[in-house]
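Keep in mind that what you see is a predicted model, and the values were worked out from it rather than measured. Just the heavy atoms: all of them, side chains too, but no hydrogens, waters or symmetry mates, feed the values below.
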Amino acid sequence: MFLVYVIAPIGQSLWISLYEWDGIGVKTFISIANYIELIDDEAFYTALYNNVLWLVLYMLAVPAGLLIAIFLNQTVTGIRIYKSLFFFPFVISQIVVGLIFSWFYAPNFGLFTKLLEFMGMEGIAILADERFVTYGIIVAGLWPQIAYCMILYLTGLNNVSPDQIEAARLDGAKGWKMLWYVIIPQLRPATFIAVVVTIIGALRSFDLVSIMTSGGPYGSSRVLSYYMYEQALSEYGFRMGYGAAIAVVLFAIMMVFITLFIVRMLKDEREGY
C-alpha cells in the first residue's frame, strides 16, 4: 500500500517534471528545463516566501496546543464544555473555516472590522491588502491546527507518569520547572507528531488560500501548492510538467524540515540515555 500510494506517485511526479505535457497529448522530454524556468519565475518566489512565512508562524500551533491541553487537563467545574469549545475547530472542514474567516475579515460587516472601529481605528480589508492577506489566512489556519495539537497533547498527558511528577514535587519542582524538566520530556512522541503534522499542514496550505483569496490580490497570497494547481490544472495552465516540478520542490522542502527534526529528536533521545 505504501509503495503503490506513496512511493510510486513521488517517482511519477519526478518523472513528469522532466517533460513538457498538457496532461492529454504527447509528452516532450525537456530534461531539467522546468526547474531552470522556476529560477526566473517571480511568482514561484512569491509562493516560496509565503510558504516559509506559513511554516514559521504555523509552528506557534505546537506550544499553543500544549498550553491549552495543560489547561484542559485540569479537574475543574465545566471542563467538558471548555473541551468541546476548543475541540470544535478540529471537526469542521477547512472550507468552512475559510468561509468563517472570510466573513470575519469582511470590510463592511465583518466582526474584525467592527472591533477595530470600536477601538477607534479604521477598518482594514485584510484579504484585499497585499501587506496583510497572508497573515490573515495563516491566522485562519492556526485556529483548527491549534485544536489538533491540543488533542495530541491531551492524549500524551494521559500517559505522563504520575510517579515522576510526585518525585519532582518532593524535590521542590513546580510551575515552569515541572513543565520543562518533567512533563515535556514525556511528551516527545506527541510533540513529534504535532511538529510533523504542522510542518506538512503549513507547506500544503491549499484549501484556505483557494477559498479565501484564490491566490490574490495579484498573486500575493499564493503558496507553492496553490501555484502548482494553477500551473497544472487550472484554466491558466495545463502545464503538468511545470506543476510537477513545483510539487517536487515542495516535497523536497517538506522532507528537509521533517528530516532535520527527526535527526534532532533522535540525538536528544540518545543524549538522554
Side-chain angles (χ1 to χ4, degrees), residues 42-43 45-72 76 78-79 81-151 153 194-195 197-227 229-230:
E42 291 185 7
Y45 286 108
T46 299
L48 181 61
Y49 171 79
N50 286 337
N51 260 127
V52 173
L53 197 60
W54 268 86
L55 185 61
V56 172
L57 296 180
Y58 226 51
M59 295 308 295
L60 294 173
V62 178
L66 172 60
L67 293 176
I68 294 173
I70 291 172
F71 165 70
L72 295 179
V76 295
I79 196 64
I81 298 175
Y82 300 143
K83 285 184 178 180
S84 300
L85 291 174
F86 282 106
F87 183 75
F88 172 73
F90 175 69
V91 299
I92 60 178
S93 73
Q94 292 277 52
I95 303 302
V96 175
V97 172
L99 290 173
I100 289 172
F101 273 85
S102 294
W103 297 331
F104 178 71
Y105 292 136
N108 297 325
F109 59 86
L111 180 60
F112 182 73
T113 300
K114 298 300 181 183
L115 289 173
L116 290 179
E117 292 174 352
F118 177 76
M119 293 186 290
M121 301 169 64
E122 186 177 351
I124 302 173
I126 295 291
L127 300 183
D129 195 314
E130 295 179 44
R131 298 170 298 171
F132 307 119
V133 60
T134 298
Y135 296 100
I137 302 174
I138 292 172
V139 169
L142 279 171
W143 189 44
Q145 189 63 32
I146 289 173
Y148 185 57
C149 292
M150 175 202 74
I151 294 167
Y153 278 120
V195 169
V197 170
T198 301
I199 289 173
I200 293 172
L203 293 177
R204 67 171 182 83
S205 45
F206 174 87
D207 301 2
L208 292 175
V209 173
S210 178
I211 195 66
M212 294 178 74
T213 64
S214 297
Y218 312 112
S220 59
S221 64
R222 277 195 192 106
V223 290
L224 290 175
S225 58
Y226 190 80
Y227 189 47
Y229 159 76
E230 280 187 325

With a cut-off of 3.5 Å and sequence neighbours excluded, list every side-chain donor-acceptor pair involving residues 139-149.
unit_1, atom_1, unit_2, atom_2, d
Q145, NE2, T198, OG1, 3.1

Listing, residues 103-114 side-chain donor-acceptor contacts under 3.5 Å, not counting sequence neighbours, or none:
unit_1, atom_1, unit_2, atom_2, d
Y105, OH, G136, O, 2.9
T113, OG1, A106, O, 3.1

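Taken from CG in N51 to OG in S225, the straight-line distance is 6.5 Å, to the nearest 0.5 Å. In this structure, CZ on R131 lies 9.0 Å from CD1 on I126, to the nearest 0.5 angstrom. Between the CD1 atom of I151 and the CZ atom of F87 there is a distance of 4.5 Å, given to the nearest 0.5 Å. Here CG of L116 is found 5.5 Å from CD1 of I124. Values are rounded to the nearest 0.5 Å. Separation of atoms CG (L55) and CD1 (I200) is listed at 11.5 Å; rounding is to 0.5 Å. Note that OG1 of T46 and CG of L224 are 10.5 Å apart. Values are rounded to the nearest 0.5 Å.
Closest approach of M212 and G98 over heavy atoms only: CG-O, 3.5 Å. Looking at every heavy atom in both residues, A43 comes nearest to R222 through CB-NH1, 3.7 Å.
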Discussion item. For a side chain to side chain contact (heavy atoms under 4.5 Å, CB included) check, start with the C-alpha distance between I68 and Y153, then their side-chain angles and the critical distance, and finish with the verdict.
Written reply: CA-CA 9 Å; I68 294 173; Y153 278 120; over 6 Å; no

Discussion item. Determine whether I92 and I100 satisfy the following criterion, side chain to side chain contact (heavy atoms under 4.5 Å, CB included), listing intermediate values before the conclusion.
Written reply: CA-CA 11 Å; I92 60 178; I100 289 172; 4.2 Å; yes

Worksheet item: After noting the C-alpha distance and the side-chain angles of S102 and L127, does the key distance pass the side chain to side chain contact (heavy atoms under 4.5 Å, CB included) rule?
Response: CA-CA 8 Å; S102 294; L127 300 183; 4.1 Å; yes

Item to complete: Kindly determine whether V195 and M59 satisfy side chain to side chain contact (heavy atoms under 4.5 Å, CB included), including the steps that lead there.
Response: CA-CA 7 Å; V195 169; M59 295 308 295; 3.8 Å; yes

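Using cut-offs of 30° and 60° for the angle between ring planes, the Y82 and F71 rings count as tilted.
Under the rule for a ring pair (Phe, Tyr, Trp, His ring centres under 6.0 Å), F88 has no partner lying at least two apart in sequence or in another chain. A search for side-chain hydrogen bond (donor to acceptor under 3.5 Å, both in side chains) contacts involving S221 returns T213, not counting sequence neighbours. Applying the ring pair (Phe, Tyr, Trp, His ring centres under 6.0 Å) test to Y226 and every residue at least two apart in sequence or in another chain returns F206, Y229.
No more than 12 heavy atoms of other residues, nucleotides or ligands lie within 6.0 Å of OH in Y49, so this atom counts as exposed by the packing criterion.
A donor-acceptor pair under 3.5 Å links the side-chain atoms of S205 to the main chain of A202, judged by distance alone.
Contact check for V97 versus P89: no side-chain heavy atoms found under the 4.5 Å cut-off.
Applying the ring pair (Phe, Tyr, Trp, His ring centres under 6.0 Å) test to pairs two or more places apart or on separate chains, none has a residue in residues 119-138.
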